[in-house]
Each structure stands twice: as C-alpha cells, then as structure tokens.
Amino acid sequence: MGALLRTFWGMVPIAAIALPYALLGWPLLAARRRRRMGARRARATAAVDCAVLLVIFLVFCLVTMPVDGSAESTLDLVPGADVTAALSSDGSLWQVIGNVLLLGPLGALLPLRIHRLRALLRIALAALVASVLVEGTQYLIHTGRVTSADDVLLNTAGATLGAALSRRGWRTLDAVPPVPVPVPVPVAIPLPRRTICEAPTLRLRVPRSVWDTRYAAIAHPERQ
C-alpha cells in the first residue's frame, strides 16, 4: 500500500483540482442540454460526459507524470513477467489492481454514449489500442515508468470488465422515440341529396288552323 501511495501521490492534488471543475461543468452542461431533451436525461448524459472527460484527464496526467528516482523508461515485452513479479512475496499486488482499474471507468462509461462500442469485443479492441498508445507514450517521453506487455493486457481486461458490469444499462440514456399520434383520417360523409320539385312544363298544342286564322286577322284586317 505504501508503494502505491508513493507512486500515485502526485495524482492526489491533480484530482482534487480537477474534480471541482467537473462538478461545476455538470450542471452547466445539463442546463444547456435541457433545450433539446428532458431534464432527467440532460442531467444523466452531462454527468457521464463530465466523468469521461475527468477520467481521460487523470489518465493523461498519470501517463505523463515522471517517477522519482528513475531517469529512463524500461521496456518489458515478456507476457506474464510483471504479474508473476507482483504476485511474489516481495511484489506489489496493488500495481496489478491499478492497471486493471486504469481503463475500467472508460470501459463502463463510453458504451453509454457511443453506440458503436456496445459490444465487448469492440470495447476490448478499443482498450487494446488505447493501452498501446498509453504505454508507448510512457516509453517515448521517458517518464521513468515500466512499459510492459502485462500492462497492456491488464488495461484491456479492466476496460472489458467495466463494460461487462455496465452492460445492462447501456441503453438507459438513449433517446426515447416519440409515440406517434394517430392522425384522424377524414371520412367522407355523403350529404343527403336534395331534390327540387319542378313544376311540370305545360305544352299546349294549338291546331294550325287557329294560328292561320289569327295571323290572317292581324296581317290582313281588310279581309275580315
């Protein structure tokens, strides 16, 4: 336990400074997201995003922080060597636990926000790539840490374990699709047919002789 505290003691003030900023950014981000989503989902997504950023920042600080008493980084590519040394009588089991927990929070939180990572195999591959980058950065900047294959495997296992523990809640923050409101279909109601009573047309048939007589009386009155 003392070796662990000596190794990670420098992270305590960094975490104490970064945590209030994360807590301050949480309600601000939630208030901004309330404009386009519900208040409960806005608070939950903002909390997850702030936690992810906080963990990434702490991992970055841990990777770049030099170790006292070590000038150069060492490279150990033999799988199982560090784990065997840690499990021995003079080893430190906390080193193994720390490597497992390093990417565990990211493995648990990232599937909540990134749909493409909702598979244990994808989480394992992403953690493997991230761990290789972390270990490679440690070795290149010469922070005095040990770059080993066991650290990569333990980091990958920790991220996969975190994803497996949070697997049931991966869809809790998904947007709920709105319930479609049935649109009333207009129904054509036939109107009652209105019939107009028309007066029957009366056609009076007058004999031609009558018309001839009347015409002759009007046209030739002298013949009367």
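Within a 6.0 Å sphere centred on CZ of Arg40, heavy atoms belonging to other residues, nucleotides or ligands number 12 at most.
Residues Leu58 and Ala15 come closest through the heavy atom pair CD2-CA, 4.0 Å. Closest approach of Cys50 and Gly25 over heavy atoms only: SG-C, 3.9 Å. What you find for Leu112 and Trp170 is that their closest heavy atoms are CD2-CA, 3.6 Å. Shortest non-hydrogen contact noted between Pro20 and Ala16 is CD-O, 2.9 Å. Shown here for Ala42 and Ala30, the closest heavy-atom pair between the two residues is CB-O, 3.6 Å.
For the atom pair CG of Leu161 and OG1 of Thr156, the computed distance is 12.5 Å after rounding to the nearest 0.5 Å. Separating the CG atom in Leu154 from the CG atom in Leu101 is a distance of 10.5 Å, to the nearest 0.5 Å. Distance check: Leu153 CG to Ser148 OG gives 8.5 Å after rounding to the nearest 0.5 Å. Atoms CD and CG, on Gln138 and Asp151 in that order, are 7.0 Å from each other to the nearest 0.5 Å.
The salt bridge (charged side-chain N to carboxylate O under 4.0 Å, His left out) test with Asp49 is passed by exactly one of Arg32, Arg33, Arg43: Arg33.
The cluster map of Ile, Leu, Val, Met, Phe, Trp and Tyr, joined by side-chain heavy atoms under 4.5 Å apart, puts Val48 and Leu19 in the same cluster. Placement of Leu128 and Val63 in two distinct hydrophobic clusters is found when ILVMFWY residues are connected by side-chain heavy-atom separations under 4.5 Å, directly or transitively. Residues Val152 and Ile123 do not share a hydrophobic cluster, clusters being chains of Ile/Leu/Val/Met/Phe/Trp/Tyr side chains in contact below 4.5 Å. A chain of hydrophobic side-chain contacts below 4.5 Å, direct or via other Ile, Leu, Val, Met, Phe, Trp or Tyr residues, connects Ile56 to Val134. A continuous path of Ile, Leu, Val, Met, Phe, Trp and Tyr side chains, each step under 4.5 Å between heavy atoms, connects Val52 with Ile114, placing both in one hydrophobic cluster.
Shown here are the side-chain contact (heavy atoms from CB on, under 4.5 Å) partners of Val55, two or more places apart in sequence or in another chain: Val59, Pro105, Leu106.
Annotation: salt bridge (charged side-chain N to carboxylate O under 4.0 Å, His left out) contacts involving residues 114-141, sequence neighbours excluded, comprise Arg118-Asp174. Within the structure, the salt bridge (charged side-chain N to carboxylate O under 4.0 Å, His left out) test picks out no pair touching residues 95-108 (sequence neighbours left out).
Proximity of a side-chain donor or acceptor of Trp26 to a complementary backbone N or O of Ala22 within less than 3.5 Å is not detected. Using modelled atom types, no side-chain atom of Asn99 and backbone atom of Asn155 make a donor-acceptor pair closer than 3.5 Å.
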Which is it for Phe60 and Thr137 under the side chain to side chain contact (heavy atoms under 4.5 Å, CB included) test, yes or no, and what are the steps along the way?
-> CA-CA 10 Å; Phe60 175 78; Thr137 303; over 6 Å; no
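Taking the side chain as every heavy atom from C-beta outward, Asp150 and Pro79 approach each other to under 4.5 Å.
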